[in-house]
Amino acid sequence: MAAAASAPPPALTFPRPIFAAVSSHPFLQAHLSSDQSKRTLRANGRTAHEFRTPGINTGSLTHCNGSAVVRLGNTTVVCGVRAEILKEEDIPGTFADPVLTAGGSDDNDDSADDGNEVEAARLLVPNVELSTGSTPSHIPGNAPSTFAQTLITRIRSLLHSTRLLRASDLRILHQPSTNPEDPDVPAETELKGYWVLYLDVFFISIDGNALDASWIAILAALRDTLIPRAYFDEEYEGILCSDSPKEARRLRLRGLPVPSSFAVFEGRQEAEKGDGEDWVLSDPDAFEEAVCRESVTVVVDCASAGKGTNDAMIRRVEKSGGGIVNREELKGLVKRAIDHWSVVEGALSGRA
Amino acid sequence: MARRTFPRRNNAPSGGTCAPVFARTIKEPGYLQTLRPSRSRGSNELRKIFLQTSIIPSASGSAYLEIPSSSPASKSTLIPPTSSLKITASVQGPKPLPRSVPFSPSLLLTTTVKFAPFATRHRRGYIRDSIERDLGVHLETALRGVIIGERWPKSGVEVVITILEGDEDGWWGDSGNDGSVNRGGWGLLNVLAGCITVASAAITDAGIDCVDVVCGGVAALTRDPAARDKKELVRILDPCPAEHKEIVAACAVGYLASRDEITEIWMKGDVGADPNALVEGATHAAVGSLAVVKEVLLEALQAKFQGPMEGNESGLKRKAQDVEMTG
């Protein structure tokens, strides 16, 4: 860097985009290590700890029970939730009658172990589509890329491991009007079917951090979802729904897990400086993701912790690609994720 | 309905699921009819068009088109109302062809049209079906006549269209009980016209040389069963198929207004003795959407050139903050 004092040869003065494309790693390092001001800025003008604030718009799709459009800087995602009915005879697998095991405690089943029920019956069908021209690297006509498959697997496992949805919200129950065995005793409630939620995530534009964006879109769409009241009609011998919005209900989500992704930028050793500094960048964009190898995703949930964000719950930690982030570093990342949680929560509740 | 499973995706339960059936639609025969939308526009009046370019920074050109439904959505029912048209287009390229591709003296155009699974009343799959491929071919025909391909030898360009919400083929209430209504995919014509318009805006946004801005337009012949004379046909521009009980014929064109040329024409139904009237109507509709496209492109251009001008004043400051790099 000291060599800049002498007049630099004009051949080396490239415009910024060309410099970024030709030598991306030094470009970002030069940005981060320039200490002319108090705060070092990344190439995209954010500080290392700065997330992009999500912009959320819900209910814009006609044929969905719930939908959301989420913008995270230049990453734009559309998520549509569509509820369809899985009939009793089509339920795959066999498990203990869920109605009996849940004990009818519908409103207070936070502890009920119904995650297995949602997963075994495949009541949630999440899918992502990246090949919408959203990025030059995903051209349509091919099978889903490894990246798309990884992304959707992470989303699905997050959906199931956080037990976000209650099986009781998805059951369609029926109490027969007459009991064939004993007319005096009211008949037992039967399970007639399930609601299956198709979660389709379409990327309009990708600029990094696809997981956070799609998860926020799924959360926003699920919070927007209105499930019609479904009942078994004995005369029709099938499941019918009421089209009155007053009878429909929202899904009650368990908590509000929000992922925060970080990318670790390993500074290269420079002869004069001697040390290679490392930076952990919050919410990396596509350019940073291409330069960084190590990535960390921390999923935290502060919804159950009452008002404050003091005792948050860590729902998941994913880390891959390197050994820079140690235990101390990870503690700091969890703190950053908790700070980010309240921002996302605010945006989801329309306060941002 | 047997459901296809898609490899490398999350699939629905193998037994298949079915869309909810709303009780009032089968128990109260008259109820459905109260939801039927009707055309409130004049016969030559187009729906409003919303267009925006440069929505995808990583693509060389992109555009988003939305034609909101003209009939107001009812708040008293959960049955989805008539959908509006929402389409995004993304242009990737022109970029050099891979070495394995034989020499091409002009630009190779590839168009892909895909419906989102939530685009229509019936859930769609992830693999392109014949309808989507058909639309892609029609769109390619419309665009090929406009692009000056000789300026990009040995290059290829991808035009990717995603339909987030498509126009419907007819009023959804007619599909189940009333088989007499001709449901010949009228909505597709609107979708194609929208695709042409939005792709054209995206191509211009990408700076690919064209002979003109091609625009899509649709006209239809409808028969009004309530009218006195049942044989009388009415020609309407920009039909919303759900609003009409019977569409006799319809036509979509890709039209170059300043050259008065048509690059693509798709006609369906019983046109009768005078197809020219229908084609002419469709070109009128195309001219209507051209007005919007022109305005949007002009605004985008002005924003592009005004940005650096304003930036010039703060340019000096910006330079001082620039990061020093040597190497």
Side-chain angles (χ1 to χ4, degrees), chain A residues 1 3-4 8 12 19 26 30-31 34 61-64 67 74 76 78 80 82-87 89-92 121-122 125-127 129 132-136 139-141 143-144 149 152 156 196 198 200 202 204-207 226 228 230 233 236 238 240-245 248 286, chain B residues 7-26 55-59 62 64 69 73 75-84 86 88-92 112 114 116-121 123 126 128 158-162 164-165 321-327:
Chain A
M1 297 280 150
L12 270 178
F19 221 134
H31 266 279
S34 69
L61 294 174
T62 312
H63 297 299
C64 289
S67 61
N74 283 332
T76 311
V78 181
R82 193 172 236 189
E84 292 201 350
I85 292 170
L86 175 68
K87 289 187 194 132
E89 59 267 27
D90 294 332
I91 297 172
R122 287 203 265 169
V125 189
N127 271 303
E129 181 63 272
T132 55
S134 54
T135 157
I139 289 302
Q149 290 177 55
I152 197 55
R156 195 186 49 175
V196 173
Y198 291 93
D200 293 298
F202 259 62
I204 304 293
S205 163
I206 301 185
D207 187 16
L226 212 54
D233 194 278
Y236 178 72
L240 291 181
C241 301
S242 152
D243 68 330
S244 156
Chain B
R8 294 179 237 184
R9 298 206 185 262
N10 285 328
N11 286 300
S14 48
T17 58
C18 50
V21 179
F22 290 101
R24 288 183 80 179
T25 59
I26 42 177
I55 54 158
I56 305 171
S58 62
S62 56
Y64 171 75
S69 144
K75 288 276 166 225
S76 62
T77 174
L78 285 176
I79 302 173
T82 319
S83 58
S84 46
K86 295 189 176 99
T88 68
S90 151
V91 176
Q92 302 281 358
T112 314
K114 184 81 195 83
F118 42 71
T120 46
R121 205 163 285 270
R123 210 183 111 83
Y126 272 95
R128 270 191 297 155
E158 294 259 353
V159 178
V160 188
I161 306 278
T162 306
L164 295 175
E165 221 175 282
Q321 278 178 0
D322 251 350
V323 177
E324 243 171 55
M325 295 197 65
T326 52

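Computed from heavy atoms alone, side chains included, the values below leave out hydrogens, waters and symmetry copies. Within every chain, numbering begins at 1; the chains are lettered A, B, ... in the order of the sequence lines, protein sequences first and strands thereafter.
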Best-contacting candidate, [options], against chain B by heavy atom pairs under 4.5 angstrom:
options: A/Asp200, A/Leu86, A/Val125, A/Asp90; answer: A/Asp200
options: A/Ala286, A/Gly80, A/Pro140; answer: A/Pro140
options: A/Ala230, A/Gly133, A/Ala248, A/Ser134; answer: A/Gly133
options: A/Asp233, A/Asp207, A/Thr76; answer: A/Asp233
options: A/Leu240, A/Asp243, A/Val196; answer: A/Asp243
options: A/Thr132, A/Leu226, A/Ile152, A/Ile206; answer: A/Thr132

Would you give the length of the straight line joining atom [atom1] of [X] to atom [atom2] of [Y], rounded to the nearest 0.5 angstrom?
X: A/Glu84; Y: A/Tyr198; atom1: CD; atom2: OH; answer: 5.0 Å
X: B/Ser84; Y: B/Leu164; atom1: OG; atom2: CG; answer: 10.0 Å
X: B/Ile79; Y: B/Arg24; atom1: CD1; atom2: CZ; answer: 8.5 Å

With chain A, the option among B/Lys86, B/Glu158, B/Lys114, B/Arg121 that has the most non-hydrogen atom pairs under 4.5 Å is B/Arg121

Ranking B/Thr88, B/Val91, B/Ile161, B/Ile26 by heavy-atom pairs under 4.5 Å to chain A gives rank one to B/Ile26

Residue [X] versus chain A: region with a heavy atom under 4.5 Å:
X: B/Thr162; answer: side chain
X: B/Ser62; answer: neither
X: B/Ala89; answer: neither
X: B/Ile55; answer: both

For residues 11-22 of chain B, the salt bridge (Lys or Arg N to Asp or Glu O under 4.0 Å) pairs (sequence neighbours left out) are none

Cut-off 4.5 Å, heavy atoms of chain B, and the answer for A/Ala83 is backbone

If every non-hydrogen atom of B/Cys18 is compared with every non-hydrogen atom of A/Lys87, which pair is closest and at what distance?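 In this case the closest contact between B/Cys18 and A/Lys87 is SG-CE, 3.7 Å.
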
(Q) If you compare all heavy atoms of A/Arg82 against all heavy atoms of B/Pro117, which two are closest, and at what distance to 0.1 Å? (A)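 Here A/Arg82 and B/Pro117 meet closest at NH1-O, 3.6 Å.
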
Is any side-chain heavy atom of A/Cys241 closer than 4.5 Å to a side-chain heavy atom of A/Ile85?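 Touching, per the 4.5 Å side-chain cut-off.
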
Quiz item: When you measure from the side chain of A/Arg156 to the backbone N and O of A/Pro126, does any donor-acceptor pair fall under 3.5 Å?
Solution: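 Between the backbone of A/Pro126 and the side chain of A/Arg156 there is no qualifying donor-acceptor contact (under 3.5 Å).
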
- Any idea how A/Phe202 and B/Phe118 line up, ring-wise: parallel (<30°), tilted (30 to 60°), or perpendicular (>60°)? perpendicular

